[in-house]
Each structure stands twice: as C-alpha cells, then as structure tokens.
Amino acid sequence: MMNQLEEAIIYATVLHQGKIRKFSGSPYILHPIEVAQILSTMTADGEIITAGILHDVVERTDASIAEIEKRFGKRVAALVECDSEIAYAGEESGDAWRRRKEESLLSLKNSQDIGVQMLWLADTLSNMRSIVGVYSEQGDAVWEVLHQSDPELQHWYYRSVAELVELQLNKTAAFKELVKHINFIWPGTFDSDKARYRKYKEVSVEGCKLLGRGAKGEVYRYNDELVIKVFNHNNTYSDVEREITLSRKAFVMGIPTAISFGIVSVGKQYGAMYELVDSDTISKQIARHPGQVESYAKMMAELAHTIHSIEVKEADSLPDAMERLRSYVRSGVEYEDEALAEKCMRLIDTLPVTHTMIHGDFHTGNVFLQRGEPLLIDMDRLSTGHPMAEISSLYYFYILLGEYDPEILVDFMGFSCRTARQFYGFFLKYYLNTEDEDKLRNVTEKAAFLAYIRMVHRIHKKGEPTGENRKWVDCYLGRIAELAERLDSLAF
C-alpha cells in the first residue's frame, strides 16, 4: 500500500503532465520534487514534505483545496493553500503583481505553523536556484521571461520572504543558501553573516511584568535593570533593526530616548532589550494615579515641544509624515468615496511644509519615566512634518479609540475612557499654551478630521466593512464630509 508521500508524487505528476519549467524546459514536476527534497533537509514531518510535492497543484492545475483535503488531510490542504496565490487581471502590471504578492505574503506573516515557513522557504529557494542559473549567464535578461520584469520588485519579494522566515529558520542550510543567492543578484541585501551560522540569544518573558502594549508589540520588565520589547510575530529582523537604528538617530538629534543594546529571540518572536532602571510607562503611572493626569499631560506636552523643536536636516532622510496621512486616505476613504478622498487630500495639502521632527506614535504607553525623566521608545515611525500629524494621533488614541471600542482603549492605555479624554484636554491646553476654548475647539476639529480618516483606514485593513464596522465607516465618512466642507485649512 502506498504511503501519503508516494501517492502525492503520483497525483502531482499526473496533474503537471505536459507542463514545463520556464527556464530549463524540463518537466514541471521536477520543481515540486526539488521543493520536497529541500524540505527533507529541514524536517522529517511527512505532511510538510507532502505539501511540498502538492504546493503548486491548486495554483497551476484544476485541483482544488477540497480535493487535496479529501485525499491528503486537513493540514496538508492548509499548507498548500498558504502557498497558493490568487491571480488578478492585468497580472503582469507592477501594481497587480505586487498586490498578488502582498496578499500571498500575508499568509506567511500570519501563520503560526512552522510548516508554512518551511514550505515558503523551500519553494522560494527552488525558484531562486533557477533564476540564479540563468542570471549567471544572461544577467538582467532573466527578468524578461517572468511575469514581473522589474528586478527591483523581484528584489522586494525575495527579500521579504527571507526576512519573514529568518527568525525560525536562520540556522537551516536552505535559509543560508537563499541569502547567498539573493546577495549574488542584489549585492548587500543581507549582512554576509546571515549566510553563516548565527544564533540569537534566547530569552523568556514568562512571569515577567507586562508594562504596556502597542501596535507593534508588548513591553515587559525583564529584571531590575532591563525591559524587553517583544515585537508582534509579523515583524521581521529588519523591522526591529530599523527601529533600533532610528532610536540611535533620535538620541543624537536630542530626543530623550532609550537605546536598545541587542536583538534577542523570545519564542517565535523578536525582542529588543533596553536598559531602563527603576522605570515604568506614563500610562502605568496614570492608571495608578488618575488624579494626577493633568501633571502627566503637562509632562507629555513639554516632551512634544522638545521633539517638535528639532529641525530635521535633509541628510537625516526621515520619511514624510504627511505621506502617511495621504496613505490613510488612499487605503480607506478612497475606497468609499473618491470625490471625498480628493477633498481630504486638498486639506492635507494645506499643512505647511516643515522640517519638524515627528515621533509618529506619541502616546503615554511609549514613554517611560526613569528617575522622573521621560524617555521615549518606539521610534519606527520617526518622521518629519507638521505637528498636526502628532496631535491627530493623540486624538485618535485618547478620544476616537474609546468611542469606537472602549475596551480597546482601556486595554491599550490601561486607564478609563474618561481619564483618556481628560488627558487629551489637558495635553492640548499645555501644548498650545492657551485656555481659549475657541482655539482649542478649532484644533481639536482638525485633529478629529485626520483621526476619522485614520480610523476608516484601520477598519478597511481588516477587510470589507460589514455589520457594526459598516455602520462606523458610514458614521466617520459623514463626519469627514461635514468637516471637509467647513474647514479651510488644517494648520494652526
């Protein structure tokens, strides 16, 4: 009686019969067999190796996931599905090709099954071997044979796959070979050390006190002197490295910030260690002493002034915070109402071009108090632009999140919606150095306008809005439209 793997080889051979590989003209079945062989160097798990044999049958033949599940079981079917792409019309255009790849990469980012990462690595390595073989002889002519002829888009894709599998598979020969091939075609993509043996220091946060959480991860008190930020599982090594680099740059520019001194692995996630002796976040302080929210709001306003007083030089090459605001419009409001999106863009363009430093993720969960002095962390959104971008983020965190879902705000900040509203009011008063209600109201309306745009973007990131989310999107679109008619400028 045939075992599962033998049956998969026969099944895939029949389905791929008559098909050939682009570069070599050899029978297509040799590619999935090579993928299975690469997988066998990483694991003895028969289901993962079987999925390697079958990984292209749904994408390239008439087979279905339902049929795979019936013949080979749920896990094999799930693995094959995670490595199968959805085709779009106009696939050969840059936008459609990148959209297809971005959506397929999400399955790799979000999967918790090591088999998915192994399968992607094996498939990518097999393809890269073929590309390198032709590239060695023909150079950039290799791209003319592929659906996507832009070598920079190909570079983005192969680099992304390598970064996403690195944490768990960096010790495998397959990963080191993939890095070597990528560096051969695109020199300097990865540190050459990645192609040699490397072991990250492994730490555990089990039993450690949770200090705060944000969009990118959670921060724990590791011991009396150290805290560790544990990044979400879909953050790559380069994401963590970039944040640490920006932290150092911010420190040199004059921002009081904690500097990480090492990247570690925390289970299946990356972590960054910081020396923060006897420190806690301002969110924690407010949660313990809500009656002192005004004094903490004043401290945050003074810190914002420190950040916004720094002029960014062109050589510092920080991203444009205004472009992030425009991206929120494009990935939210524009899906719903193109005419309204144009009005939003015009209002964003009323903000003066400045070289002001913007933190980009400025809230009390990202500020530690050490011996009474504030220290910022989370520098991955460090940018330059008008301070309204920062104030709109504060409205989003402290007002809008509580309106959309109070539980999210309480979980995120650690204190009540009422305290959050008080914090925003005090912050704005001290930041603008005024108690003029008309001015405070005017700036708040402008901040709310940008925050509503961001919230529509946030909801759309989850997929097509339905149910309660559909109601919220319609509500925020109405508010955006009303403010777009009334506001002449977003500057203050």
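The figures here come from the full heavy-atom set of this structure, side chains too, leaving out hydrogens, waters and symmetry mates. As the structure is a computational prediction, the values presented were derived from the model and not from experiment. Counting begins at 1 with the first residue of the sequence.
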Query raised in the report: salt bridge (charged side-chain N to carboxylate O under 4.0 Å, His left out): which pairs involve residues 347-358, sequence neighbours left out?
Result: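 Matches after skipping sequence neighbours: Arg326-Asp349.
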Report task. Not counting sequence neighbours, list each pair that qualifies as a salt bridge (charged side-chain N to carboxylate O under 4.0 Å, His left out) and has a residue in residues 284-308. Result ->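 Of all non-adjacent pairs touching residues 284-308, those that pass salt bridge (charged side-chain N to carboxylate O under 4.0 Å, His left out) are Asp280-Arg288, Glu294-Lys429.
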Query raised in the report: Picking from Leu121, Thr43, Leu125, Ile38, what satisfies side-chain contact (heavy atoms from CB on, under 4.5 Å) with Thr172?
Result: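 That would be Leu121; it is the only one of Leu121, Thr43, Leu125, Ile38 passing the side-chain contact (heavy atoms from CB on, under 4.5 Å) with Thr172.
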[Y] side chain reached by [X] side chain, heavy atoms, under 4.5 Å:
X: Leu169; Y: Ile114; result: yes
X: Tyr296; Y: Phe426; result: no
X: His289; Y: Ser295; result: no
X: Tyr431; Y: Met300; result: no
X: Ser383; Y: Arg324; result: yes
X: Val333; Y: Ile480; result: yes
X: Ile358; Y: Leu382; result: no
X: Ser247; Y: Ile377; result: no

For [X] and [Y], which heavy atoms make the closest approach, and how far apart are they?
X: Phe175; Y: Asn170; result: CD2-CA, 3.5 Å
X: Tyr222; Y: Ile228; result: CB-CG2, 4.2 Å
X: Ile48; Y: Gly115; result: CD1-CA, 3.5 Å
X: Ala301; Y: Tyr430; result: CB-CB, 3.7 Å
X: Glu47; Y: Val76; result: O-CG2, 3.7 Å
X: Ser160; Y: Trp156; result: OG-O, 2.7 Å

How long is the span from the [atom1] atom in [X] to the [atom2] atom in [Y], to the nearest 0.5 Å?
X: Leu226; Y: Glu275; atom1: CG; atom2: CD; answer: 6.5 Å
X: Phe397; Y: Ile408; atom1: CZ; atom2: CD1; answer: 12.0 Å
X: Arg454; Y: Ser392; atom1: CZ; atom2: OG; answer: 7.0 Å
X: Glu177; Y: Thr41; atom1: CD; atom2: OG1; answer: 9.0 Å

Side-chain donor-acceptor contact under 3.5 Å, [X] with [Y]:
X: Tyr398; Y: His363; value: no
X: Arg221; Y: Ser279; value: yes
X: Thr356; Y: His386; value: no
X: Tyr335; Y: Arg330; value: no
X: Asn235; Y: Lys216; value: yes
X: Asp239; Y: Thr236; value: yes

Query raised in the report: Quick check, are the ring centers of His308 and Phe362 under 6.0 angstrom apart?
Result: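 No, they do not, as the ring centres are separated by 6.0 Å or more.
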Query raised in the report: With a 6.0 Å cut-off on ring centres, are Tyr237 and Tyr270 close enough?
Result: yes
**Report entry** Among Tyr396, Tyr328, Tyr476, Tyr452, ring-ring contact (aromatic ring centres under 6.0 Å, His included) partner for His457
**Finding:** Tyr328
Query raised in the report: Taking NZ, NE, NH1 and NH2 as the nitrogens, is one of them in Glu403 or Arg479 under 4.0 Å from a carboxylate oxygen of the other?
Result: yes
Query raised in the report: Hey, are Arg75 and Asp45 close enough for a salt bridge, meaning a charged N less than 4.0 Å from a carboxylate O?
Result: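 Salt bridge flag = yes for Asp45 with Arg75.
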